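In the text below, chain A, chain B and the rest are named by the order of the sequence lines, each starting its count at 1. All values derive from a computational prediction rather than experimental measurement.
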Amino acid sequence: MQVSAPIRAPAWVSTRRLFEQKLSDLHKCNNLSQLKQVYALIYKSNLHQDPFVTPKLVTAFSLCRQMPCAVKAFNQVHEPNVHLYNTMIRAHVHNSQPAQAFAIFFLMQSSGVFPDNFTYPFLLKACSGQNDFSLVKMIHTHIQKYGFCSDIYVPNALIDSYSRCGLVGVGAAKKVFSVMDDKDVVSWNTMIGGLVKANRLNEARQLFDEMPERDMVSWNTILDGYAKAGQLNDAFELFEKMPERNVVSWSTMLTGYSKAGDMEMTRMLFDKMPVKNMVSWTIIIAGYAEKGLAKEATDLYEQMEEAGYRPDDGAIISILAACAESGLLWLGKRVHQSINKNRHQCSILIENALIDMYSKCGSLSKALSIFNGMGKKDLVSWNAMIHGLAMHGHGSKALQLFSKMKQEGFAPDKVTFVGVLCACTHGGFVDEGIQYFYTMERDYRVPPEIEHYGCIIDLLGRGGRLQEAFRLVRTMPVEPNVIIWGALLGACRLYNAVELAQEVLEHLVKLEPQNAGNYSMLSNIYAATGNWDSVADMRLRMKNTGNEKPSGASLIELEDGVHEFTVKNTLHPASDKIYHMVDGLSHHIKKVGYFPDAFY
DNA sequence: CTAGGGTTAG
């Protein structure tokens, strides 16, 4: 009789145990290295053809954002069944690859596998965000042909996708909704949400009142509609009537009051809410920050961290964006500190938000160091940095970065070109700007939009090429707005082009009759050319226009708070000193041959 | 034996 000696389990045994334990809930595995081990074992054990294993594997890879691995696992199956195809479509949708989701759908059809009631809700999700009515209609036709509307998930998904396709879409959604035999609470909520998105609040409310049963989501949807539309009294009335409120209801109210600029009410609700979460803290902190209320925002940020909250990606991005908007460098730095403390690495989204925050808050060197330290950059990173350099007057550096971006294989988009044209304006590169403008569509298939026309007309005008600027305004395919006419008027002022300015003023008066600034611009031109009678005429016209609209401001945060600067602002306590300095500087740069008002 | 929908911050 043989006695077996006790043996130590070899290393693979533990992996094996992990494998067996993992296989049943493999789709929930979010640890990439474990997942890859399990995948290797699946492959070795020839289990990758098992129709119950591969969908779980695909789902797990999709949750870890490893689509190449998911595709590989999928491709190893010889004859995928409908469930695996569905899983693959969903994986692509969850990873924002709608085109690939459709490709799988077409592959499935050409392989002779028929779609089922699960296929269409996934496919319809792939359409959301595309705003493509005819695509949704095409899917709807398929659904009608195969008769999958008996499964309530299918018409519910149709209502959702249709209502994301503008006005025509909402009409189609209403049709689907109205012919449904058994509507459940999700059908109602989706339809109400669709009407809210289309700004058809009265219809949404009517439906809400007709609902047989209303759970929390229905109330929150209609509440959100009122809050977004600024109908805060209606929102508040409903909020008080609700049988119960959850953290979403409270957050919706916070957003409504914060967006309306009523931070007192926002704060009152925030202090009263029984349960707070990351979202509610984010809303109020970003709200204060957007309005430049540095102390309130920073104090609450500290309180949030003291209460044990670690800001997530969404919180960080919202708060940084708010800091960028109003120049709160100090809070922006504070958020950056928490990022460094709490994370070993941060996402591209956060790094992009930091670049934007630092450059808009005046700290170009910090923005550059984030940009240069990034492991991976995306188009947004390049765009933010190009724009940042341009804004800080480094026109040629911005253009150098633009060529580098192209060398690294990034295709510029419309945002890139706004930055590039802006760089030309700040650097005074008129001919280069025109060149870039013409390559946009020809070489990069980026058709110029009104912002680009605004930039190029501003550039031509500042360069003294008024006739060309006017010709472009007359021939461009978009209707000129106040920014375009305003740029022209500014150029006329710069070169004292009286007659052109008179023409421009008439256009501006039609678009914004209340803006006295336009008259004063023409009045200045008359004054500069010694036409005092016309100056008096302009003053008279100005008197009858009423209020001047608030002018644009630059903000900078110093040790003693945020300082605001506007054109001709004499309210700042140090304005005498400031203007003295500016005059001195203008004198100096004129002496060295610079034309100070043309390019900035 | 697997799976899917509606609301709040970004």
Side-chain angles (χ1 to χ4, degrees), chain A residues 23-28 50-59 62 81-91 93-94 116-125 128 148 151-161 163-164 173 177 183-197 204 208 211 214-228 235 242 245-256 258-259 273 276-287 289-290 311-322 324 347 349-350 352-353 356:
Chain A
L23 216 52
S24 61
D25 49 16
L26 174 63
H27 55 294
K28 292 177 201 156
D50 187 322
F52 291 96
V53 171
T54 312
K56 289 185 174 180
L57 196 58
V58 166
T59 305
S62 135
N81 61 12
V82 60
H83 181 242
L84 182 55
Y85 276 114
N86 289 346
T87 308
M88 201 57 206
I89 290 172
R90 184 183 57 161
V93 174
H94 283 177
D116 66 7
N117 50 325
F118 282 90
T119 312
Y120 291 103
F122 296 149
L123 214 52
L124 285 164
K125 253 276 174 288
S128 70
F148 287 125
D151 178 5
I152 195 153
Y153 280 84
V154 174
N156 285 355
L158 263 175
I159 294 169
D160 187 48
S161 300
S163 61
R164 291 172 194 277
F177 180 77
K183 305 173 176 78
D184 68 2
V185 67
V186 176
S187 330
W188 286 87
N189 288 342
T190 312
M191 192 63 244
I192 292 173
L195 290 166
V196 163
K197 275 190 218 87
F208 173 80
M211 269 182 93
R214 292 181 287 220
D215 67 1
M216 188 75 78
V217 175
S218 328
W219 290 86
N220 288 343
T221 305
I222 197 94
L223 207 60
D224 177 51
Y226 283 135
K228 286 233 171 77
M242 287 175 79
R245 304 160 195 88
N246 65 4
V247 65
V248 175
S249 332
W250 286 90
S251 300
T252 306
M253 295 304 287
L254 292 183
T255 310
S258 168
K259 288 274 171 287
M273 60 193 290
K276 299 174 177 51
N277 66 7
M278 202 58 251
V279 175
S280 39
W281 283 94
T282 306
I283 297 168
I284 190 155
I285 294 170
E290 258 165 41
D312 61 12
D313 281 26
I316 289 168
I317 290 162
S318 312
I319 298 172
L320 286 178
S347 68
L349 263 74
I350 289 180
N352 291 346
D356 196 47

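In this structure, A:Tyr226 has no ring pair (Phe, Tyr, Trp, His ring centres under 6.0 Å) partners at least two apart in sequence or on a different chain. Applying the salt bridge (charged side-chain N to carboxylate O under 4.0 Å, His left out) rule to A:Arg164 yields the partners A:Asp160; only residues at least two apart in sequence or on another chain are considered.
Closest approach to the A:Pro121 side chain among B:dT2, B:dA9, B:dG4 is made by B:dG4 (side chain taken as heavy atoms from C-beta onward). Closest to the side chain of A:Arg164, out of B:dT7, B:dG4, B:dT8, is B:dT7. Each of B:dT2, B:dT8, B:dA9 was ranked by its minimum atom distance to the side chain of A:Ser318; first place goes to B:dA9. Side-chain atoms of A:Asp116 lie closest to B:dA3 of the nucleotides B:dT8, B:dG4, B:dA3. You'll find that the side chain of A:Val217 is closest to B:dT7, out of B:dA9, B:dT7, B:dG4.
In this structure, the CG atom of A:Asp312 is 13 Å from the C1' atom of B:dT8, given to the nearest Å. A straight line from CE of A:Met216 to P of B:dT8 spans 15 Å, rounded to a whole angstrom. Between the NE2 atom of A:His94 and the P atom of B:dA3 there is a distance of 13 Å, given to the nearest Å. Remark: P of B:dA9 and CG of A:Asp313 are 17 Å apart, rounded to the nearest angstrom. The OH-C1' distance, from A:Tyr226 to B:dT8, rounds to 18 Å in whole Å. In this structure, the CZ atom of A:Arg90 is 10 Å from the C1' atom of B:dT2, given to the nearest Å. For the pair A:Arg214 CZ and B:dT7 P, the computed distance is 18 Å after rounding to whole Å. If you take NZ of A:Lys197 and P of B:dT7, they are 5 Å apart, rounded to a whole angstrom.
Using a 4.0 Å heavy-atom cutoff across all strands shown, A:Asp215 reaches at least one base atom of the nucleic acid. If you check every strand for non-hydrogen atoms under 4.0 Å, A:Thr87 touches nothing. At a threshold of 4.0 angstrom between heavy atoms, the contacts of A:Lys125 are confined to the sugar-phosphate backbone, with no base atom among them. Within 4.0 Å of A:Asn86, counting heavy atoms only, lies at least one base atom of the nucleic acid. Contacts of A:Asp184 with the nucleic acid, taken as non-hydrogen atoms under 4.0 Å apart, include base atoms.
A:Asp116 places a side-chain heavy atom less than 4.5 Å from the side chain of A:Asn86. Under the 4.5 Å side-chain criterion, counting only non-hydrogen atoms from C-beta, A:Ile350 is in contact with A:Ser347.
Stacking between A:Phe122 and the base of B:dG4 is absent under the criterion of ring centres within 5.5 Å and planes under 30 degrees. In this structure, A:Phe52 forms no aromatic stack with the base of B:dT2, since the conditions of centre separation below 5.5 Å and plane angle below 30° are not both met.
The aromatic ring centroids of A:Phe208 and A:Trp219 lie less than 6.0 Å from each other.
Contact annotation: side chain of A:Asp151 to base of B:dG4, donor-acceptor pair present below 3.5 Å.
A distance-only check finds a donor-acceptor pair linking the side chain of A:Ser161 to the backbone of A:Leu124 [under 3.5 Å].
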